[in-house]
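All values below come from the heavy atoms of this structure, side chains included, with hydrogens, waters and symmetry mates left out. Chain identifiers are assigned alphabetically (A, B, ...) following the order of the sequence lines, protein sequences preceding nucleic acid strands; residue numbering begins at 1 within each chain.
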Protein chains: 2
Amino acid sequence: MSSTEDRLFALHAEVCKAMANPIRLKVLSTLQHGEQSVEAMVKSLKLRKANLSQHLAVLRQRGIVATRREGLHIYYRCANPKMLKACAILREVLLEQLAEGGRLINPVNRGRK
Amino acid sequence: MSSTEDRLFALHAEVCKAMANPIRLKVLSTLQHGEQSVEAMVKSLKLRKANLSQHLAVLRQRGIVATRREGLHIYYRCANPKMLKACAILREVLLEQLAEGGRLINPVNRGRK
DNA sequence: CTAAATATATGAAACTATGAAATAATGAAA
DNA sequence: TTTCATTATTTCATAGTTTCATATATTTAG
């Protein structure tokens, strides 16, 4: 079995998992136009420091964002613009689907019918 | 706060979550070149029916795949080629990163299968 | 009925938000 | 210099929630 392929699928899944959270997507969206300090994001996203830090750690571990320290502050930036591109395409699809009548997704609900 | 934006982030996260699994990515990869019956995928992916079915349900619920019934068999296909495009871009990035010295996660097995 | 596909229940593992504690850089005071 | 206080960020411990694979059941078409 192609363990190389399997490894790539696993890696791909890890990246998707890292993006599979609204807060982290919001963070990426924030970083789209340039780097931001943690402090700034805490304020603009209205999150607790610990919580944001954890989400940033997830993105960092997957190599989706990179950091730079400057004195007390740590600045986060997108590590690869292509990832933003992939996000943008998905977003585009979702907007289209919403526009087409939004008969697409049921946010939660794995329950009875 | 733009609850519409938040909704979109949530939706986006749902889609990412649906893709955040190696098996489901493998399924999508399989469907890249055309529709497939569940039976065929059970065989080619070497999975239990119930398990594959669960994964297919996740993809179905998020509108990532669509189905067509023909007699006993149900054929799955990709619902939107753009989603495949987004996947392809991510894959491309990951391959680049692996090539760049694989200082990403676990460098292993650069050989043939 | 039989075969194909889906749905449900269950327990282990992973994810998330939170407050408290720990680490890191800076500057001022002793 | 060393020590202390302050600010910024991360890590830890927790509890509640969600996901996944397995083992059944249940639905659906012929």
What is the distance, rounded to the nearest whole Å, between atom CZ of B:Arg68 and atom P of D:dA29? 15 Å
5' precedence on DNA chain C between A:Ala50 and B:Glu39 (nearest-nucleotide basis): B:Glu39
Round to the nearest Å and state the distance from B:Gln61 atom CD to D:dT19 atom C1'. 13 Å
Here the distance between atom C1' of C:dA14 and atom CD of A:Glu14, to the nearest Å, is 11 Å
Without decimals, in angstroms, what is the distance between B:Asn51 CG and D:dT19 C1'? 12 Å
I want to check one thing: is the phosphate of C:dA17, taken as OP1 and OP2, less than 4.0 Å away from some side-chain N or O of A:His55? yes
Check the phosphate of C:dT16 against A:Arg48, side-chain N and O only, distance under 4.0 Å to OP1 or OP2. Yes or no? no
Distance below 4.0 Å between B:His73 side-chain N/O and C:dA5 OP1 or OP2: yes
Consider side-chain contact (heavy atoms from CB on, under 4.5 Å). Of B:Val27, B:Leu28, B:Val38, B:Leu59, which one does B:Tyr76 pass it with? B:Val38
Determine whether a donor-acceptor pair (N or O, by modelled atom type, separation under 3.5 Å) exists between the side chain of A:Arg69 and the backbone of A:Gly71. yes
At under 4.0 Å between heavy atoms, what does B:Ile23 touch on the DNA or RNA strands: base, sugar-phosphate, or nothing? sugar-phosphate
Just wondering, do A:Met41 and A:Leu47 contact through their side chains at under 4.5 Å, heavy atoms? no
Whole angstroms only, please: what is the CD1-P distance between A:Ile74 and C:dT23? 15 Å
Just checking B:Tyr76: base, sugar-phosphate only, or nothing, at a heavy-atom cut-off of under 4.0 Å? sugar-phosphate
With heavy atoms under 4.0 Å as the rule, sort B:Leu72 into base, sugar-phosphate or nothing. base
Using whole Å, report how far CG of A:Leu52 lies from P of D:dA8. 14 Å
Counting only side-chain N and O atoms of B:Arg24, is one of them less than 4.0 Å from OP1 or OP2 of D:dC20? yes
Write down the distance between CD (A:Glu70) and C1' (D:dA8), rounded to a whole number of angstrom. 13 Å
State which of C:dA4, D:dT9, D:dT10 makes the closest approach to the side chain of A:Leu56. D:dT10
Residues A:Arg91 and B:Glu5 bridged, charged N to O under 4.0 Å: yes
Nearest-Å distance, CD (A:Gln54) to P (D:dC12)? 11 Å
Given D:dT10, is OP1 or OP2 found less than 4.0 Å from the side-chain N or O atoms of A:Arg60? yes
Taking OP1 and OP2 of C:dT16, is either one under 4.0 Å from a side-chain nitrogen or oxygen of A:Asn21? yes
Could you tell me whether A:Lys85 and A:Glu92 make a salt bridge, using a distance below 4.0 angstrom between a side-chain N and a carboxylate O? no
